[in-house]
Amino acid sequence: MRRRTAIVAAARGWIGTHYRHQASLRGIGCDCLGLIRGVWRELIGPEPETPPPYTPDWAEAQGRETLALAAGRHLLAIPMAEAQPGDVVLFRWRDHLPAKHCAILSGPATLIHAHDGAAVAEVDFAPWWQRRIAFAFPDLVPEPD
């Protein structure tokens with residue numbers, strides 16, 4: 001449970017960071033992926049891979065589950081119903097589109113995310129979000145020895 005608490009605490013440290021496409025600097029700017037990358041660096045260390053440059057419409061243009069495939073290279077997927085605070089969740093905006101937004105669950109009914117036009121925030125995991133969840137990956141931090 002300690003690791004999940006650490007992930008949520010680290011993610012909360014990013015609250016108020018302005019949205020900046022492709023950025024990942026706490027207090028300076030980040031996008032949704034940049035938030036996940038930043039929490040990874042804070043708790044684990046260097047990122048396992050550098051994301052390629054991407055445009056805001058990358059998912060629609062490619063039509064592939066690029067974000068989910070990348071997450072799956074470094075995290076283990078779980079059934080969405082098993083997601084808990086500290087887990088990374090991916091969302092798709094429409095049923096026929098690839099997942100292109102990510103967040104960290106921060107409580108049973110809240111999540112932390114970055115989105116265009118706003119700062120990183122902790123928001124209700126409202127039905128609107130729940131209908132759009134596509135993938136869940138358990139916590140970022142390896143179990144302590």
Under a single-linkage definition using a 4.5 Å side-chain heavy-atom cutoff for Ile, Leu, Val, Met, Phe, Trp and Tyr, are Ile15 and Ile7 assigned to the same hydrophobic cluster?
-> yes

In Å, rounded to the nearest 0.5 Å, how long is the span from CZ of Arg64 to CG of Leu69?
-> 7.0 Å

Ignoring hydrogens and angles, state whether a donor on the side chain of His74 or Glu49 is under 3.5 Å from an acceptor on the partner side chain.
-> yes

Co-membership, hydrophobic cluster, residues Val123 and Trp93, 4.5 Å side-chain = yes

Arg131 NZ/CZ over Trp129 ring centroid, <6.0 Å and within 45° of normal | no

Are Ile44 and Val39 joined in one hydrophobic group, where the rule is that I, L, V, M, F, W and Y side chains link up if heavy atoms are under 4.5 Å apart?
-> yes

So do the side chains of Val120 and Cys30 get within less than 4.5 Å of each other, counting heavy atoms only?
-> yes

Check the hydrophobic clustering (I, L, V, M, F, W, Y; side-chain heavy atoms under 4.5 Å; chains of links allowed) and say if Tyr19 and Tyr54 are grouped together.
-> no

Side-chain heavy-atom pair Ile133, Leu90 within 4.5 angstrom cut-off | no

Mind checking whether His113 and Ile104 have side chains closer than 4.5 Å, heavy atoms only?
-> no

Arg4 bridged to Asp87 by N-O distance under 4.0 Å | yes

Hey, are the side chains of Arg37 and Pro51 touching, using non-hydrogen atoms and a 4.5 Å cut-off?
-> yes

How far apart are the closest heavy atoms of Ala136 and Pro79, and which atoms are they?
-> CB-O, 4.4 Å

Fit a plane to each ring of Phe91 and Phe125, take the angle between them on a 0 to 90° scale, and name the class: parallel (under 30°), tilted (30 to 60°) or perpendicular (over 60°).
-> perpendicular

Flag the pair Gln22 / Pro53 as yes when at least one side-chain heavy-atom distance between them is below 4.5 Å, and no otherwise.
-> yes

Heavy-atom closest pair (Gly86 atom, Val8 atom, distance to 0.1 Å) is N-CG2, 3.6 Å

Quick one: CG on Leu33 to NE2 on His21, what's the gap to the nearest 0.5 Å?
-> 10.0 Å

Does the side-chain contact (heavy atoms from CB on, under 4.5 Å) test come out yes or no for Phe135 and Val89, once each step is laid out?
-> CA-CA 6 Å; Phe135 300 93; Val89 288; over 6 Å; no

If we ignore angles and hydrogens, is there a donor and acceptor under 3.5 Å between the side chains of Trp14 and Glu122?
-> no

What about Met80 and Trp128, same hydrophobic cluster or not, with Ile/Leu/Val/Met/Phe/Trp/Tyr joined at side-chain heavy-atom distances under 4.5 Å?
-> yes

Which atom of Ala99 lies closest to which atom of Ala134, heavy atoms considered = CB-CB, 4.2 Å

Apply the test side-chain contact (heavy atoms from CB on, under 4.5 Å) to residues Ile112 and Leu35: give CA-CA distance (whole Å), side-chain angles for both, the deciding distance (0.1 Å), then the verdict.
-> CA-CA 9 Å; Ile112 299 171; Leu35 170 65; 4.0 Å; yes

Test item: side-chain donor near acceptor, His115 and His101, under 3.5 Å | no

Considering all heavy atoms of both residues, which atom of Leu105 and which atom of Ala83 are nearest to each other, and what is their separation?
-> CD1-CB, 3.5 Å

Worked check of salt bridge (Lys or Arg N to Asp or Glu O under 4.0 Å) between Glu65 and Lys100 = CA-CA 8 Å; Glu65 291 288 0; Lys100 69 176 277 183; over 6 Å; no

Between Ala114 and Cys32, which heavy-atom pair has the shortest distance, and what is it?
-> O-CB, 3.5 Å

Do Pro46 and Arg41 touch side chain to side chain, with heavy atoms closer than 4.5 Å?
-> no

Which atoms form the tightest heavy-atom contact between Glu42 and Ala10, and what is the distance?
-> OE1-CB, 3.6 Å

So do Ile36 and Phe137 actually touch side chain to side chain, heavy atoms under 4.5 Å?
-> no

